Amino acid sequence: MSTRFRATRSTVTERAASRRGGFPLFVAGGQYALAMRWSQLFVPTLRDAPADAEAASHRLLIRGGFIRQLHSGHYTMLPLGWKVHEKVADIVREEMNAIGGQEFLFPAMHPKSLWEASGRWTTMGDEMFRLQDRSGTDVGLAMTHEEAFAQMALEVNSWRALPQIWYQLQWKFRDEPRPKAGLLRVREFVMKDAYSLDIDDAGLDESFDKHHGAYLRIFGRLGLDAMPVEASSGAMGGSGSIEFMVESPSGEDDVVRCPNCDYRANVERAASAVAPIDDDTPPDAPEKFATPGIRTIAALEEAGAPADRQIKTMVMVIDGAVTLALVRGDHQLNMQKLQDATGGVDIRPATPDETVKHLGAAPGSLGAVGVDAEIRIYADHALDGRTNMTTGANEDDFHWRGVDIARDISVTEWVDLREVSAGEPCISCGSTLEIVRCIEAGHIFKLGTRYAEAMGAHVLDAEGQKRTIVMGSYGIGIGRNMAAVAETHYDDKGLTWPVSVAPYEACITAMKVDDEATMIAATALYDELRGAGIDVILDDRDARAGVKFADSELIGIPHRITIGPRGLKDGMVEHTVRSTMETSDVALDAVAALVTDAITAAR
RNA sequence: CGGGCAGUGGCGCAGGUUGGUAGCGCGCCUCGUUCGGGACGAGGAGGUCGUGGGUUCAAAUCCCGCCUGCCCGACCA
């Protein structure tokens, strides 16, 4: 063994050991030795994926023997899957440690009182799993840990201790209404959740930026092309909010992206430039006119009112109160924007009965002109200043025209409600916006003082003044990222993991297991690569070549070394790079160095 | 929760409308021949047809209830 290998080995050993808190993962050991031979491993690969697996990652992770479903939204990690999962987790750990993060482990089961302190015992609703212990005490399974970390922050008493970055990797439980797509959306998953503690907003900004950088490094190492986008803060509350999005058809979010400048935003947040509309000369007063049978924007358009000169009136019930949301006739209401604008918790469309009761007409003839002053009216900015508009008259078969919004409608608040559509002009550069489907791989946001205030987490500043700790919250779903990598790294043969998270970095495929020369060479190479710190597996199964090739390609091992009598008689083996499937003949005594260099460079 | 669909050996499916006690491919076990790209032959193991009830001489099949899972929408790492 060359000295170069020894050097590589110690580097990797140390790195692995530091990742695992002194617990070496990828070095030779009694436990690891068992995992050397494929013939002894439990890797149940499938020729056919279950029919109900649709997403590419779902299909391939099941076929490759990485995961199995226990029930809806709950997956078992098989040895191969857990290995990948932990490699992802270790990358996250390393980058969190690199920005000064300190790892904790909080319980997953929390007392009701902790969540009552922040008010989320109620507001989390059905999303939270709840149960009672034997004495009848209510407990919940944590969906996230703001409360718990904020409570821990009670023990930080001086400004001198700040800033702090605290994190953990812990199971989260969420009673998702609809688990789907394998690991992409589940009810039980490991999340790396981090929380920053700062004395003020400037400190928070700094902690936030540190995480932003760490996240980009994490996704880079995972081989994910993740773009930071402006996002809604959702149920967590807070101001600044950035999601890291990976483009994929299996995603669940729509991101507005400008091909020309760097504008990127979740549709829940995105804006676009809206061209002005010529309203012509408006009349002095609105005029009611009969519109028999007309119930839709399109029908009204045929009757002479262009959609962009109509007001669309959506009746919503926000925390029990009937509320109107107004957008231009050709625009779509975005529910998240309405929620963000109103601060509502429970938002739903009104039922037809509620609509008739409060507005006097059924959907299709609704408007905001002259409605009960009790009803709050939120109007989209695109309607601001508009005149000569057409809208429902709250009387079946009648509409108003010549409506001047400022004059005729008592708008409670002007807000951003409309959803951006593809093809609209970018708000910052005017280029044509596109909308791409994405997986939300990570989310960072500025919580402010909400949780620290609720838990009473204060410090004394340099002047001896009591200050509420300012917090940030930063999440990455480990399993989801594993799925996102799979979702973006595969071909018709199977997965093409990047070296950083591959279940094994290299596979030695012995072509003829009853050929002594083959097995001696394969075993020696295996020892040499292990010695060089390579995470390598020896496929010693007594199976046909096609089966072994297909399996190594399916599970996506980046490098394969094929050893058989045919090449061996000339001292040659084959090296195949999984991502490109390029195969080359290499001298047996040169292949270890070649593969080691390639893997080391790719880590 | 609203809309659509499906539960039959480990996986993929047929059978169902025309009730008669379950079949195919892959996988698994044994033997032989093969074997550098998912081999072939012979033999074999494996299923309360999701579940409860009903109709019937007889139910995988018809009827009702329930459970579970998947896909599309409202929520999130």
Side-chain angles (χ1 to χ4, degrees), chain A residues 44-55 58 62-63 65 68-74 88 92 124-127 143-144 169-194 215 231-236 243-246 251-253 266 268 316 334-336 338-339 345-349 351 439-445 473-484 493-494 509-515 518 542-554 560 562-568 573-574 576 581 583:
Chain A
T45 56
L46 262 29
R47 197 174 246 187
D48 304 305
D52 54 19
E54 300 239 324
H58 188 193
I62 294 214
R63 277 193 60 205
R68 289 291 186 266
Q69 184 181 54
L70 183 62
H71 62 138
S72 181
H74 300 263
V88 174
V92 172
M124 279 306 187
D126 292 335
E127 204 86 354
M143 316 172 52
T144 172
L169 285 102
Q170 170 62 301
W171 294 94
K172 298 293 193 265
F173 297 86
R174 297 183 183 178
D175 193 355
E176 290 286 340
R178 188 156 93 84
K180 57 180 279 202
L183 256 30
L184 280 174
R185 185 186 194 75
V186 294
R187 303 200 298 175
E188 176 182 352
F189 62 99
V190 172
M191 178 161 83
K192 184 286 298 175
D193 49 323
Y215 273 41
S232 155
S233 306
M236 299 294 181
E243 291 167 333
F244 292 83
M245 295 297 209
V246 176
E252 305 177 89
D253 284 86
N266 193 307
E268 296 173 348
M316 310 298 294
N334 182 288
M335 291 282 275
Q336 187 64 46
L338 179 63
Q339 179 155 27
V345 174
D346 181 33
I347 295 196
R348 61 173 174 83
T351 64
I439 296 167
E440 185 189 341
H443 195 170
I444 59 178
F445 36 125
S473 167
Y474 317 88
I476 288 184
I478 305 301
R480 179 123 116 195
N481 272 269
M482 173 178 164
K493 297 181 191 311
T509 303
M511 294 309 301
K512 202 163 161 45
V513 297
D514 52 3
D515 177 66
T518 297
D542 183 14
R544 319 200 105 234
V547 172
K548 297 168 81 158
F549 288 150
D551 273 348
S552 74
E553 286 152 12
L554 173 62
R560 180 173 69 219
T562 306
I563 300 185
R566 202 173 74 184
L568 222 43
V573 298
E574 266 172 31
T576 304
M581 288 307 286
T583 297

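Chain letters run A, B, ... following the sequence lines, proteins first, then strands; residues in each count from 1. All of these numbers come straight from a predicted model, not from anything done at the bench.
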Enquirer: Just call it for V186(A): base, sugar-phosphate, or nothing, with non-hydrogen atoms closer than 4.0 Å on any strand.
Expert: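 Contact class for V186(A): base.
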Enquirer: Using OP1 and OP2 only, check whether a side-chain N or O of K180(A) sits under 4.0 Å from C72(B).
Expert: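 Yes, because at least one side-chain N or O of K180(A) sits under 4.0 Å from OP1 or OP2 of C72(B).
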Enquirer: Please confirm whether any donor atom in the side chain of R63(A) sits under 3.5 Å from an acceptor in the base of C11(B), or the reverse.
Expert: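 For R63(A), whose side chain was compared with the base of C11(B), there is no donor-acceptor pair (under 3.5 Å).
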Enquirer: Looking at C72(B), I'd like to know if its phosphate oxygens (OP1 or OP2) sit under 4.0 Å from a side-chain N or O belonging to R178(A).
Expert: yes
Enquirer: Tell me what D193(A) touches on the nucleic acid: a base, only sugar-phosphate, or nothing, going by heavy atoms under 4.0 Å.
Expert: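 If one applies the 4.0 Å heavy-atom cut-off, D193(A) turns out to touch nothing in the nucleic acid.
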Enquirer: Could you state the CZ-P distance from F189(A) to C76(B), rounded to the nearest angstrom?
Expert: 12 Å
Enquirer: Looking at every strand, decide which applies to A543(A) at a 4.0 Å heavy-atom threshold: base, sugar-phosphate, or nothing.
Expert: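 A543(A): no heavy atom of the nucleic acid under 4.0 Å.
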Enquirer: If we take the P atom in both G16(B) and C62(B), what is their distance in whole Å?
Expert: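 The same atom, P, in both gives a distance of 10 Å.
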Enquirer: Counting any heavy atom closer than 4.0 Å, what does G479(A) reach on the DNA or RNA strands: base, sugar-phosphate only, or nothing?
Expert: nothing
Enquirer: Using a 4.0 Å heavy-atom cut-off, does N481(A) contact any base of the nucleic acid, only the sugar-phosphate backbone, or nothing at all?
Expert: nothing
Enquirer: Just to be sure I understand the rule, does G442(A) reach a base, reach only the sugar-phosphate, or reach nothing, if contact means heavy atoms closer than 4.0 Å?
Expert: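 Sugar-phosphate, no base atom in range.
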Enquirer: Write down the distance separating the C1' atoms in G9(B) and C1(B), rounded off to the nearest Å.
Expert: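 The answer is 36 Å between these two C1' atoms.
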Enquirer: With hydrogens left out and only the distance checked, is there a donor-acceptor pair under 3.5 Å joining E553(A)'s side chain and the base of G37(B)?
Expert: yes
Enquirer: Under 30°, 30 to 60°, or over 60°: which ring-plane class applies to H74(A) and H71(A), parallel, tilted or perpendicular?
Expert: parallel
Enquirer: Using OP1 and OP2 only, check whether a side-chain N or O of S72(A) sits under 4.0 Å from C70(B).
Expert: yes
Enquirer: Quick one: D551(A) CG to C11(B) C1', roughly how many Å, whole number?
Expert: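 To the nearest whole Å, that distance equals 15 Å.
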Enquirer: Starting at atom NE2 of H58(A), determine the distance to atom P of C70(B), rounded to an integer number of angstrom.
Expert: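 Distance check: H58(A) NE2 to C70(B) P gives 8 Å.
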Enquirer: Kindly compute the distance separating NZ (K493(A)) from CG (D551(A)), expressed to the nearest 0.5 Å.
Expert: 13.5 Å
Enquirer: Write down the distance between CZ (F549(A)) and C1' (A39(B)), rounded to a whole number of angstrom.
Expert: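 Answer to the nearest Å: 15 Å.
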Enquirer: Remember a base hit wins even if backbone is also touched, and classify E243(A) as base, sugar-phosphate or nothing at under 4.0 Å, heavy atoms.
Expert: nothing
Enquirer: Looking only at side-chain N and O atoms, does Q69(A) come under 4.0 Å of OP1 or OP2 in U68(B)?
Expert: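 No, outside the criterion.
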Enquirer: Separation of H71(A) atom NE2 from C70(B) atom C1', in whole Å?
Expert: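 Atom NE2 in H71(A) sits about 15 Å away from atom C1' in C70(B).
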Enquirer: A side-chain contact here means heavy atoms from C-beta on lying under 4.5 Å apart; do L46(A) and I62(A) qualify?
Expert: yes
Enquirer: Given atom CD1 of I439(A) and atom P of C76(B), what is their separation to the nearest angstrom?
Expert: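 That distance rounds to 18 Å.
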Enquirer: How close or far is atom P of U33(B) from atom CG of D542(A), stated in whole angstroms?
Expert: 14 Å
Enquirer: Categorize A181(A) for me: base, sugar-phosphate, or nothing, with a 4.0 angstrom heavy-atom threshold over every strand shown.
Expert: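 The residue A181(A) makes sugar-phosphate contact but no base contact.
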Enquirer: Please report the distance, rounded to the nearest Å, between CG in L46(A) and C1' in G9(B).
Expert: 15 Å
Enquirer: Measuring from atom NZ of K512(A) to atom CD1 of I563(A), what distance do you get when rounded to the nearest 0.5 angstrom?
Expert: 15.5 Å
Enquirer: Are R544(A) and A39(B) close enough that a side-chain N or O sits under 4.0 Å from OP1 or OP2?
Expert: yes
Enquirer: Where the side chain of R566(A) is concerned, which of G69(B), C76(B), G36(B) is the nearest nucleotide?
Expert: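 Selected nucleotide: G36(B).
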